[in-house]
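Worksheet for the structure shown next.
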Amino acid sequence: MKKATLLVLLFLSFIQLKAQKIGVVLSGGGAKGLAHIGVLKALEENQIPIDYIVGTSMGGIVGGLYAAGYSPAEIEQIALGKELRDLTSGTIESGYLHYFRKKSTNPSVFTLKLEIDTGFHAMVRPNLVNDTPLDFVFLELFSQASANANNNFNQLFVPYRCVVADVVTHKAIAVDHGSLADAVRGTCSVPFIFRPVKVNGKYVFDGGIYDNFPVDILKTEFGPDYIIGSNVSSKTFNDYPKDDEKLVSQFLLYMFLANSDSTSIGKNGTYIHPDIGEYTPINFTNVAELIQKGYAATMADMPNIKKAIGRRVDSVELAKRRFLFKSNNPPLVIHDIVATGTSKSQNNTLKILLKPSIPKLI
């Protein structure tokens with residue numbers, strides 16, 4: 001009788017382990033969030049399953065890329081590329097120059113900086129970084145996966161949520177549908193540095209304003225059996241900014257870092273906190289080091305993670321599933337170009353001028 005009972009208990013334990021659903025949550029933290037790439041890299045190398053993923057700000061970008069079917073190695077390659085540094089500094093890639101020859105003269109409620117254009121006219125800039133290139137890059141990175149999933153984030157390679165802050169209602173929103181490119185764009189729109197964007201009809205800013213480590217959203221939206229949380233948002237302020245512009249570009253980031261509850265994971269989870277206190281949220285020059293820090297921190301916790309999680313995902317099968325998902329991505333095609341504030345004839349002229357600059361998209 002005792003032997004039969006033991007066998008039943010072992011069988012039930014096996015079924016429970018097989019049924020475990022694992023959720024990963026990635027905090028915001030600016031450049032420090034690149035450490036999340038190392039976290040995902042370590043988890044995949046050790047065949048730890050990722051059934052759901054939730055992120056804010058940089059965590060939302062990294063999580064969004066993973067949910068869109070990019071492997072950790074592909075995400076690392078993107079992060080190490082020159083394009084990331086250009087985007088964070090506002091540098092315009094030569095292929096996009098057509099789009100930036102005419103600067104907007106519309107004033108904004110956030111008037112922080114004046115620039116002088118080539119005609120020596122003062123122009124109001126509502127943000128510190130030229131964020132328009134992000135729209136094009138995110139379009140290329142995310143739109144195909146979004147279309148593949150019918151704009152339903154539950155149907156992505158991994159079910160995904162990103163957190164944005166509603167400008168009007170002052171609430172955190174977990175975006176679960178719509179354009180994946182817009183959602184990820186919204187979750188990293190730090191006020192004053194970037195402009196607010198419209199996501200599913202609402203103007204939003206960076207979700208870190210209200211929820212920088214969205215464990216609560218992971219629990220509410222997916223209810224995983226085990227949570228792996230990577231938090232890079234520890235507050236370090238060793239070098240007080242001495243000039244006003246530097247202060248403006250940093251103070252909101254430091255405010256966000258306080259909105260992270262490291263105790264929210266609970267007992268059924270692992271809290272990963274990479275040792276990156278020496279790095280700053282706005283310095284994107286140490287990408288490789290940050291990724292390695294995230295990897296090392298995860299590997300240090302790997303014995304406990306493996307002990308708690310009985311499931312494993314075969315690397316070959318995972319690669320095959322990723323390939324099958326991405327093979328269903330439709331081609332990226334722009335069917336039409338529409339300019340606002342122009343006449344019909346001007347609109348037609350703009351189409352002729354713009355088409356050669358984006359031949360791979362049209």
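Residue numbers start at 1 and run along the sequence shown.
Between the Tyr160 side chain and the Gly60 main chain, a donor and an acceptor come within less than 3.5 Å of each other. With hydrogens and angles ignored, the 3.5 Å screen pairs no side-chain donor or acceptor of Ser143 with any backbone N or O of Leu332. Without hydrogens or angle criteria, Thr270 side chain to Ile228 main chain gives no donor-acceptor distance under 3.5 Å. A side-chain donor-acceptor contact under 3.5 Å links His36 to the backbone of Ser27. At distances below 3.5 Å, at least one donor-acceptor pair connects side-chain atoms of Asn200 with backbone N or O atoms of His177. In this structure, the side chain of Thr187 does not engage the main chain of Ala183 through any donor-acceptor pair within 3.5 Å. Side-chain N or O atoms of Asp206 include one that pairs as donor or acceptor with a backbone N or O of Gly208 at under 3.5 Å. When atom types are taken as modelled, the side chain of Asn148 and the backbone of Phe325 share a donor-acceptor pair closer than 3.5 angstrom.
Residues forming a side chain to side chain contact (heavy atoms under 4.5 Å, CB included) with Asn286 (at least two apart in sequence, or on another chain): Tyr279, Asn283, Glu289. For Lys306, there are no salt bridge (Lys or Arg N to Asp or Glu O under 4.0 Å) partners two or more places apart in sequence or in a different chain.
More than 12 heavy atoms of other residues, nucleotides or ligands sit less than 6.0 Å from atom CD of Glu45.
The line from CD1 of Ile309 to OH of Tyr226 is 5.5 Å long, rounded to the nearest 0.5 Å. How far OH of Tyr70 is from CZ of Phe142: 7.0 Å, rounded to the nearest 0.5 Å. Remark: Ile217 CD1 to Thr56 OG1 distance equals 6.5 Å, nearest 0.5 Å. To the nearest 0.5 Å, atoms CD1 (Ile37) and CD1 (Ile291) are separated by 4.0 Å. Atom CZ in Phe153 sits 13.5 Å away from atom CD1 in Ile53 (nearest 0.5 Å). Considering CD1 of Ile48 and CG of Leu40, their distance stands at 12.5 Å, rounded to 0.5 Å.
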Go through Phe157 and Lys326 one step at a time and tell me if the side chain to side chain contact (heavy atoms under 4.5 Å, CB included) criterion holds. CA-CA 8 Å; Phe157 175 68; Lys326 294 172 77 173; over 6 Å; no

Kindly determine whether Leu43 and Val39 satisfy side chain to side chain contact (heavy atoms under 4.5 Å, CB included), including the steps that lead there. CA-CA 6 Å; Leu43 292 176; Val39 174; 4.2 Å; yes

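Counting heavy atoms from C-beta on, the side chains of Tyr52 and Val25 never come closer than 4.5 Å. No side-chain heavy atom of Ile173 sits under 4.5 Å from any side-chain heavy atom of Tyr210.
Annotation: side chain to side chain donor-acceptor pair (under 3.5 Å) contacts involving residues 214-223, sequence neighbours excluded, comprise Arg161-Glu221.
Judged by the 6.0 Å distance and 45° axis criteria, Arg195 is not positioned over the aromatic ring of Tyr203.
Ring-plane geometry between Tyr271 and His273 is classed as tilted, the angle between the planes lying from 30 to 60 degrees on a 0 to 90 degree scale.
Using a cutoff of 4.0 Å between basic side-chain nitrogens and carboxylate oxygens, Lys198 and Asp182 are not scored as salt-bridged. One finds a salt bridge joining Glu44 and Arg322 here, because a Lys/Arg side-chain nitrogen approaches an Asp/Glu carboxylate oxygen to under 4.0 Å. Ion pairing between a basic and an acidic side chain is recognised when a charged N comes within 4.0 Å of a carboxylate O; Asp225 and Arg311 show no such pairing.
Counting only N and O atoms by type, the side chains of Ser146 and Asn151 include a donor and acceptor under 3.5 Å apart. Under the 3.5 Å distance criterion, with hydrogens and angles disregarded, no donor-acceptor pair is assigned to the side chains of Tyr295 and Glu76.
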